[in-house]
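Just so you know, residue 1 is the first one in the sequence shown, and it goes up from there.
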Amino acid sequence: MNWLITGVSSGLGRAIAEAALARGDKVAGTVRRQTDLDAFEARAPGRALGYLADMTDDAAVRAAVDRAEADLGGIDVLVGNAGYGLVGAVEESSRSEEH
């Protein structure tokens with residue numbers, strides 16, 4: 001299976017990536033820092049493929065997805081894990097808090 005998982009440097013994204021790699025799958029994962037990319041790819045050389053992408057930058061996300069799809073030969077499983085939570089009522093939150 002070929003996976004694309006956003007946010008593999010820590011937390012749930014990392015745990016899902018590690019489980020997929022442990023079963024022998026290939027995982028393309030997005031990270032925000034080069035050091036995280038290097039650490040991710042070192043987990044399973046040739047099967048863990050890292051891509052730098054800030055999820056708030058549409059062009060960077062598109063480029064990462066296109067490269068991952070080409071490198072993997074297709075994506076079987078997509079996990080949209082990267083992001084953050086904004087807790088509060090809609091009427092109490094502003095547009096600027098969304099990013």
Side-chain angles (χ1 to χ4, degrees):
M1 301 277 296
N2 294 330
W3 296 66
L4 173 57
I5 304 172
T6 61
V8 297
S9 60
S10 64
L12 185 59
R14 181 176 177 172
I16 294 169
E18 288 176 351
L21 291 167
R23 41 179 265 169
D25 294 346
K26 290 183 179 180
V27 178
T30 65
V31 296
R32 289 182 289 164
R33 293 178 292 276
Q34 185 65 46
T35 55
D36 294 331
L37 188 151
D38 296 339
F40 176 66
E41 288 187 338
R43 293 182 188 286
R47 291 188 304 111
L49 309 172
Y51 303 90
L52 291 174
D54 179 338
M55 293 296 113
T56 64
D57 180 343
D58 291 343
V61 171
R62 180 80 258 160
V65 170
D66 289 346
R67 283 191 49 222
E69 190 171 29
D71 291 347
L72 293 173
I75 297 167
D76 300 308
V77 181
L78 170 64
V79 179
N81 167 71
Y84 71 95
L86 174 62
V87 180
V90 171
E91 57 274 358
E92 296 173 354
S93 303
S94 69
R95 290 280 290 150
S96 65
E97 290 176 303
E98 293 178 11
H99 297 287

Please say yes or no: joined through hydrophobic side-chain contacts below 4.5 Å, possibly via intermediate residues, are V27 and L78 part of one cluster? no
Atom CG in L52, atom CZ in R32: separation rounded to 0.5 Å? 11.5 Å
In Å and rounded to the nearest 0.5 Å, what is the CE to OG1 distance from M55 to T6? 5.5 Å
From I75 atom CD1 to N2 atom CG, the distance as rounded to the nearest 0.5 Å: 8.0 Å
Would you say that more than 12 heavy atoms from the other residues, nucleotides or ligands in this model lie under 6.0 Å from the CZ of R47, or not? yes
Nearest heavy-atom contact between A53 and A60 is CB-O, 4.0 Å
To the nearest 0.5 Å, how far apart are CG in L21 and CH2 in W3? 10.0 Å
Do V61 and V79 belong to the same hydrophobic cluster, where Ile, Leu, Val, Met, Phe, Trp and Tyr are linked whenever their side-chain heavy atoms lie under 4.5 Å apart, directly or via other members? no
Using the rule that two of Ile, Leu, Val, Met, Phe, Trp, Tyr join whenever any of their side-chain heavy atoms come within less than 4.5 Å, decide whether L49 and I16 are in one cluster. no
Is there side-chain contact between V77 and L4, with at least one heavy-atom pair below 4.5 Å? no
Nearest atoms (heavy-atom pairs only) where F40 meets A17: CE1-CB, 3.9 Å
Just one of T30, D66, D71 clears the side chain to side chain donor-acceptor pair (under 3.5 Å) bar with Y51, so which one? D71
Note: R43 and P45 closest approach over all heavy atoms is C-CD, 4.0 Å
Supply the atom-to-atom distance L72 CG to K26 NZ, rounded to the nearest 0.5 angstrom. 6.5 Å
Would you confirm whether N81, through its side chain, and G7, through its main-chain N or O, come within 3.5 Å as a donor-acceptor pair? yes
